[in-house]
K.L.:
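Right, I'll just put the structure down here and ask away after.
Only heavy atoms go into these numbers, but all of them, side chains included; no hydrogens, no water, no symmetry mates.
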Amino acid sequence: MKLLISMRKLKSYFRSVKERDPAAKSTLAIILFYPGVQALFWYRIAHFLYQNKLKFFAYFMMYCVRTFLNIEIHPAAKIGKRFFIDHGTGVVIGETAEIGNNVTIYHGVTLGGRGNKRCKRHPTIGNNVIIGTGAKVLGAITIGDNCKIGANAVVLFDVPANSTAVGVPATIKIKR
């Protein structure tokens, strides 16, 4: 039964990738040629190891992912369902980042921290969020559900749900 549930989740995930990326031709192509999908696969294993006090192995696994795929995801980050990293080169997701369901990010995105204290210092991303190429979302801020963050935006403050943030520093341009 558990395997059947996992197969449903996998099918749902691959369907969501195909919906968000018109270049995705087949599930096999997604598995073999999408570094964001590969990084997320290894992150899920590393996160499990991290939660079960096998932190060295979790760190080592994500170090290998960073080395080979150029995508850095801290094994302690919390990532929801159907998360998709499109063209993943240069993506960084910090230790206390929390990402909701159906989130899409593009290459060069940083979900980074501000400060060096041991506390929540990385962003919380809501559901159905799109974060454009090169955007930097920094600090213990919240990006609400259904938001869009423009390419190369630098977001240093909370963004309310159903909004679009663009610019350096980012400003709210559209509230849908």
Side-chain angles (χ1 to χ4, degrees), residues 1-112 120 122-135 137 142-149 151 161-162 176:
M1 183 65 173
K2 192 167 185 162
L3 180 61
L4 195 60
I5 293 170
S6 296
M7 291 303 290
R8 283 189 192 132
K9 287 180 181 179
L10 279 173
K11 285 182 179 180
S12 172
Y13 178 70
F14 291 124
R15 191 176 328 108
S16 78
V17 170
K18 287 178 184 176
E19 289 169 0
R20 290 184 262 178
D21 185 359
K25 302 299 184 217
S26 70
T27 300
L28 183 60
I30 292 168
I31 292 168
L32 294 175
F33 306 124
Y34 280 58
V37 172
Q38 295 167 358
L40 189 61
F41 170 81
W42 292 110
Y43 155 79
R44 299 280 186 207
I45 296 169
H47 185 69
F48 174 82
L49 294 172
Y50 189 90
Q51 289 180 313
N52 287 284
K53 311 293 187 233
L54 297 168
K55 292 181 180 181
F56 174 82
F57 297 106
Y59 284 124
F60 181 74
M61 188 174 290
M62 294 317 295
Y63 165 79
C64 292
V65 168
R66 184 180 72 222
T67 301
F68 291 106
L69 299 175
N70 198 20
I71 297 172
E72 183 172 350
I73 306 173
H74 194 285
K78 296 176 183 168
I79 299 176
K81 298 173 187 170
R82 294 175 302 280
F83 174 61
F84 179 46
I85 303 171
D86 196 1
H87 300 286
T89 302
V91 167
V92 177
I93 299 172
E95 177 182 17
T96 61
E98 297 177 41
I99 301 171
N101 299 325
N102 303 309
V103 172
T104 302
I105 66 174
Y106 293 91
H107 65 279
V109 168
T110 299
L111 303 180
K120 172 78 170 136
H122 297 91
T124 299
I125 310 297
N127 298 317
N128 308 308
V129 173
I130 298 173
I131 304 178
T133 301
V137 183
T142 300
I143 307 299
D145 293 346
N146 308 306
C147 284
K148 292 182 181 179
I149 307 299
N162 305 307
R176 298 178 264 136

K.L.:
Between the side chains of Tyr34 and Asp21, is a donor N or O closer than 3.5 angstrom to an acceptor N or O?
P.N.:
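Yes, Asp21 and Tyr34 have a side-chain donor paired with an acceptor closer than 3.5 Å.
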K.L.:
For residues 38-64, pull every pair meeting salt bridge (Lys or Arg N to Asp or Glu O under 4.0 Å), keeping only residues two or more places apart or in separate chains.
P.N.:
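As it turns out, there is no salt bridge (Lys or Arg N to Asp or Glu O under 4.0 Å) pair with a partner in residues 38-64 once direct neighbours are skipped.
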K.L.:
For Asn127, does its backbone N or O pair with a side-chain atom of Asn101 as donor and acceptor, under 3.5 Å?
P.N.:
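Absent.
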K.L.:
Can you check side chain to side chain contact (heavy atoms under 4.5 Å, CB included) on Phe84 and Val103, steps first, answer last?
P.N.:
CA-CA 6 Å; Phe84 179 46; Val103 172; over 6 Å; no
K.L.:
Which value, rounded to the nearest 0.5 Å, describes the distance between Phe68 atom CZ and Tyr63 atom OH?
P.N.:
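Interatomic distance, Phe68 CZ to Tyr63 OH, rounded to 0.5 Å: 8.5 Å.
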K.L.:
Is it true that Lys18 and Thr27 share a donor-acceptor pair across their side chains at a distance under 3.5 Å?
P.N.:
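Yes, side-chain donor-acceptor contact under 3.5 Å.
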K.L.:
Given side-chain hydrogen bond (donor to acceptor under 3.5 Å, both in side chains), test Asp145 with Asn128 step by step and report yes or no.
P.N.:
CA-CA 6 Å; Asp145 293 346; Asn128 308 308; over 6 Å; no
K.L.:
Using a cut-off of 6.0 Å, state whether more than 12 heavy atoms not belonging to Lys11 lie near its atom NZ.
P.N.:
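Not more than 12 within 6.0 Å, no.
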K.L.:
Write down the atom of Met61, the atom of Ala46, and the distance for their closest heavy-atom approach.
P.N.:
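Closest heavy-atom pair between Met61 and Ala46: SD-N, 3.7 Å.
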K.L.:
Under 3.5 Å, is there a donor-acceptor pair between the side chain of His107 and the main chain of Thr89?
P.N.:
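No, the answer is negative, given that no donor and acceptor are paired below the 3.5 Å cut-off.
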K.L.:
Can you see whether Arg82 engages Asn102 through a side-chain donor-acceptor pair at a distance of less than 3.5 angstrom?
P.N.:
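Looking only at side-chain atoms, Asn102 and Arg82 do form a donor-acceptor pair, the distance falling under 3.5 Å.
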K.L.:
Answer yes or no: is there a donor N or O on one side and an acceptor on the other, between the side chain of Lys120 and the main chain of Thr96, under 3.5 Å?
P.N.:
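Side chain of Lys120 to backbone of Thr96: a pair is present.
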K.L.:
Just do the side chain to side chain contact (heavy atoms under 4.5 Å, CB included) check on Leu54 and Phe48 with the steps written out, would you?
P.N.:
CA-CA 9 Å; Leu54 297 168; Phe48 174 82; over 6 Å; no
K.L.:
Quick one: pull up CD1 in Ile149 and CD1 in Ile125 and give me the separation to the nearest 0.5 Å.
P.N.:
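So the gap between those two atoms works out to 7.0 Å.
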K.L.:
So among Ile73, Val65, Ile71, Ile93, which one has a side-chain contact (heavy atoms from CB on, under 4.5 Å) with Tyr43?
P.N.:
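Passing option: Ile73.
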K.L.:
As a quick check of understanding, evaluate ring-ring contact (aromatic ring centres under 6.0 Å, His included) for Tyr59 and His74, giving each step before the final call.
P.N.:
CA-CA 8 Å; Tyr59 284 124; His74 194 285; 5.4 Å; yes
K.L.:
Apply side chain to side chain contact (heavy atoms under 4.5 Å, CB included) to the pair Thr104 and Ile131, showing each step before the final yes or no.
P.N.:
CA-CA 6 Å; Thr104 302; Ile131 304 178; over 6 Å; no
K.L.:
Could you walk me through whether Leu40 and Ile79 pass side chain to side chain contact (heavy atoms under 4.5 Å, CB included), step by step?
P.N.:
CA-CA 9 Å; Leu40 189 61; Ile79 299 176; 4.2 Å; yes
K.L.:
Distance-only, no hydrogens or angles: does the Gln38 side chain make a donor-acceptor pair with backbone N or O of Leu69 under 3.5 Å?
P.N.:
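Side chain of Gln38 to backbone of Leu69: no pair is present.
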K.L.:
Would you say the side-chain atoms of Ser12 and Arg8 include a donor-acceptor pair closer than 3.5 Å?
P.N.:
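No.
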